[in-house]
There are 2 protein chains.
Amino acid sequence: MRQVADRAGVAMSSVSRVLNNHPDVSESMRARVMTAVEEFGYEPNAVGQMLRQGATKTVGFVVGDISNHLQAEIALGAELALEAQGYTMLLMNSVNNPQLDAEHIRLLIRRQVDGLLLSVADETHRPTIEALEAGNTPYVLIDRELDAQSPPWAVTSDHRGGITSAVEELVGLGHRRIALVGGSPHVRPTRERVAAIEEAVARYPDVSCQVRSGAFTEGHGAAATRELLEGKLPPTAIIAGGNQILIGVLREIRGRALAIPRDLSLVTCDRIPLAEFLSPSLSTIYRDPVAMGRAAAELLLAQLAGQPAQVITLPATYERAGSCSPSPDAVAPTHQ
Amino acid sequence: MRQVADRAGVAMSSVSRVLNNHPDVSESMRARVMTAVEEFGYEPNAVGQMLRQGATKTVGFVVGDISNHLQAEIALGAELALEAQGYTMLLMNSVNNPQLDAEHIRLLIRRQVDGLLLSVADETHRPTIEALEAGNTPYVLIDRELDAQSPPWAVTSDHRGGITSAVEELVGLGHRRIALVGGSPHVRPTRERVAAIEEAVARYPDVSCQVRSGAFTEGHGAAATRELLEGKLPPTAIIAGGNQILIGVLREIRGRALAIPRDLSLVTCDRIPLAEFLSPSLSTIYRDPVAMGRAAAELLLAQLAGQPAQVITLPATYERAGSCSPSPDAVAPTHQ
DNA sequence: CTGAAAGCGCTAACAC
DNA sequence: GTGTTAGCGCTTTCAG
């Protein structure tokens, strides 16, 4: 910038004013400066600006695993919304390790991000909460609830609504034993889904549910499914609580040569690209992850603009497809 | 930091030395400083360090669309490798818009990233190349070839190997008309695949291929498939050049109620999570995207360390599955 | 309307 | 070993 100023024969402050569209600049000044800028192909150094202005126009995103389609779409939605407002996103994968969550939060705060978007692996992990409260960097939670001091800013999904609709349909189809293979119990989605299925089932005296929380992994999906199917009263319908879990569930079902939906009805949470081509197609509790990411970004920007805390809840809707059919129990007794 | 120095009764430079593990610090100094650091919970401001040191320990990643599973895994591999060396990743989605690629490159350079990882949408887009040559920020191409001045740093996939194996198997199964539904012709993967299928087919006088390049979209996948199947000599085997294209191809095939592999054999490029549960399972030309991302990150770090330019090529291997069977042409003439 | 000067937080020379 | 000082690139008072 010094170069540009010298070349144009003006002070650095004038160059700065021109580049920042300050109102008090004469046309002649603007012209001379711009000529010099073009001549050198000068581009302002953003790090200098950050230091001076105390703002980095950068947002940190702590995500479990970007290779998970749901999280990738959330990240996409957030990135696009942030970019539209001149912000850039620093992405850190915590591979569902709560310890890494906390380290990443600290690192991002040291890097002076203006705000954080958080989809942490464990809401109860103390170091995570401490890292957040030590810095006073604004943050928005993505489908998480933290036991923190400050009023919560978050975008959440209406998992209860989705699960409730699914359970009602399954009960209507005659299912009396429904299972949920959930992910980590330390995050909101699992807790909400568990609560919802238990409440929904409680409304029908002859319907029961079995819940297997654990982790958002194929391994847990498979192990829980095995356990359920080998139990004394195996469920006639299973709800898989996420993409990775679904894969484990499907693997176990395939290994037992069970036919969906004849032997077992299946519902999954969150859409996944090829699902429409499975036969039968999968009943899905859908939410719009790009919209979630966008909403999270907008909440963060609102927070940065000084607005009061708010939580946005987005819908999760049950979409019936071919993987659910009347329970064998409901039809079998009369025909066999 | 001033606070910490005052509290410990030492100079700021001493605090800096302690925090950076400079060899020439006495134990007593270290102790006093650390006490003060703990007391205030002091964390160094990375922006100050960046400005002073002229390095940001940040790498920019320009990606087409992070919600594409292949690219998400590449990003994951890169991020993990970078983080291990203390680098952080700025992610920008260009939604396959070459103009955005160029803008993102300029923005990242203004932000003083130490290097760039690039998976641009169009290798021939002049502004992209100009943005790269204007800054002299090191970069590594991810499966791209750019007509630039500097010697190329890149990680590439051996698409030729993968396509060649696939074609050979299909020919062995009796297929004589093979089609490739490719993505954008302005990127290396498409060019390599096209060249490979044409070369492979040229070795068999009675085998021909049809190529439909276009875009990495479901729409192109569907449109190209329709065109091929409605043509005079429809192919008996199709190779889909990517995840999105695959979806379009499958949609079109489903719409025509064709059975795979009876009516049509299908091969796809790049693994996608649920593919193993399709029936039949999909023959796939596989490459390890996490390894690609890791390799790209390592190349960039090598470049930053002053090593000479290199290109790493990773394998793409054909994995046979249920979606390929003998051609109807090969068996039909004798039996009908 | 424009220039001079201070300073954001940090580290690396250079003195002592 | 430790302190002093300068300056990374920028913007923003404050004077004029």
Side-chain angles (χ1 to χ4, degrees), chain A residues 1-37 40-58 86 88 106-114 135-137, chain B residues 1-37 40-58 86 88 106-114 135-137:
Chain A
M1 177 155 146
R2 155 124 282 126
Q3 284 199 331
V4 174
D6 290 352
R7 185 74 182 78
V10 301
M12 284 175 52
S13 48
S14 295
V15 176
S16 173
R17 276 189 278 255
V18 169
L19 261 28
N20 293 290
N21 298 314
H22 190 95
D24 298 348
V25 275
S26 66
E27 262 319 310
S28 62
M29 169 65 77
R30 162 160 282 110
R32 296 179 62 190
V33 169
M34 288 315 288
T35 310
V37 165
F40 289 110
Y42 169 76
E43 293 268 7
N45 177 324
V47 175
Q49 297 177 313
M50 292 175 193
L51 184 58
R52 173 63 223 236
Q53 302 190 319
T56 55
K57 286 285 201 171
T58 305
T88 307
R106 272 195 299 274
L107 178 72
L108 291 166
I109 292 176
R110 265 215 336 245
R111 286 195 169 237
Q112 309 294 117
V113 293
D114 295 339
N136 53 342
T137 302
Chain B
M1 176 155 145
R2 154 122 284 124
Q3 285 198 330
V4 174
D6 291 352
R7 185 73 182 80
V10 301
M12 284 176 52
S13 50
S14 294
V15 177
S16 173
R17 276 189 278 255
V18 168
L19 261 28
N20 293 288
N21 299 313
H22 190 94
D24 297 349
V25 275
S26 67
E27 261 322 307
S28 62
M29 169 67 77
R30 162 160 282 112
R32 296 178 60 188
V33 170
M34 288 315 287
T35 309
V37 165
F40 290 110
Y42 168 76
E43 293 268 6
N45 177 324
V47 175
Q49 297 178 313
M50 293 175 193
L51 184 59
R52 173 64 223 235
Q53 303 192 319
T56 55
K57 286 285 201 172
T58 304
T88 307
R106 272 195 299 275
L107 178 73
L108 291 166
I109 291 177
R110 265 216 335 247
R111 286 194 169 238
Q112 309 294 117
V113 294
D114 294 340
N136 53 341
T137 302

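Just the heavy atoms: all of them, side chains too, but no hydrogens, waters or symmetry mates, feed the values below. In what follows, every chain begins at residue 1, and chains take the letters A, B, ... in the order their sequences are listed.
Smallest separation of non-hydrogen atoms from Ala8(B) and Ala36(B): CB-CB, 4.0 Å. Closest approach of His22(B) and Val25(B) over heavy atoms only: O-CG2, 3.0 Å. Nearest approach of Asp114(A) to Lys57(A), heavy atoms of both residues: OD2-N, 2.6 Å.
Among residues two or more places apart in sequence or in another chain, the salt bridge (charged side-chain N to carboxylate O under 4.0 Å, His left out) test is passed with Arg17(B) by none. Arg32(A) is linked by a side chain to side chain donor-acceptor pair (under 3.5 Å) to nothing, counting only residues two or more places apart in sequence or in another chain.
Taking the side chain of Pro44(A) as heavy atoms from C-beta on, and the options dG3(C), dC10(D), dT11(C), the nearest nucleotide is dC10(D).
Atoms CE (Met1(A)) and P (dG9(D)) sit 11 Å apart, rounded to a whole Å. Separating the CG atom of Asn45(B) from the C1' atom of dC8(D) is a distance of 14 Å, rounded to the nearest angstrom. Atoms CZ (Arg2(B)) and P (dC8(C)) sit 9 Å apart, rounded to a whole Å. Rounding to whole angstrom units, CG of residue Leu51(A) and P of dT11(C) are separated by 12 Å. Here the C1' atom of nucleotide dA12(C) and the CE atom of Met12(B) are 13 Å apart, to the nearest Å. Regarding Arg32(A), its CZ atom lies at a distance of 13 Å from the C1' atom of dG3(C), rounded to whole Å. Between Asp6(A) atom CG and dG9(D) atom P the separation is 14 Å, expressed in whole Å. The NZ-P distance, from Lys57(B) to dC10(C), rounds to 18 Å in whole Å.
Taking the side chain as every heavy atom from C-beta outward, Leu19(B) and Met34(B) approach each other to under 4.5 Å. Put simply, the side chain of Ser16(B) reaches to within 4.5 Å of the side chain of Met1(B), judged on heavy atoms. The side-chain heavy atoms of Val33(A) and Val10(A), taken from C-beta on, include a pair separated by under 4.5 Å.
To the nearest 0.5 Å, the span separating CZ on Phe40(B) from CG on Asp6(B) amounts to 8.5 Å. Note that OG1 of Thr88(B) is 7.0 Å distant from CG of Leu108(A), once rounded to the nearest 0.5 Å.
One axis for each end of the helix from dC1(C)-dG16(D) to dC16(C)-dG1(D), each built from five base pairs, and the angle between them comes to 40° at 10° resolution.
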Could you run down the sub-3.5 Å N/O contacts of the protein with nucleotides 13-16 of chain D?
none

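Each of Gln53(A) and Arg52(B) was matched to the nucleotide of DNA chain D holding its nearest heavy atom; the match closer to the 5' end belongs to Arg52(B).
When the side-chain nitrogen and oxygen atoms of Tyr42(B) are compared with OP1 and OP2 of dG9(C), none of them lie within a distance under 4.0 Å. For Ser14(A) and dT2(C), the shortest distance from a side-chain N or O to OP1 or OP2 is not below 4.0 Å.
In this model, no donor atom of one side chain and acceptor atom of the other lie less than 3.5 Å apart for Arg111(A) and Thr56(A).
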Output side-chain donor-acceptor pairs under 3.5 Å for residues 45-55 of chain B, partner residues at least two apart or in another chain, one line each.
{"residue": "Asn45(B)", "atom": "OD1", "partner": "Val47(B)", "partner atom": "N", "Å": "2.7"}
{"residue": "Asn45(B)", "atom": "OD1", "partner": "Gly48(B)", "partner atom": "N", "Å": "3.2"}

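Scanning residues 20-31 of chain B for heavy-atom distances under 4.0 Å to DNA chain C yields Asn20(B).
Among the heavy atoms of the strands lying under 4.0 Å from Val10(B) are primed sugar atoms or P, OP1, OP2 only; no base atom is included.
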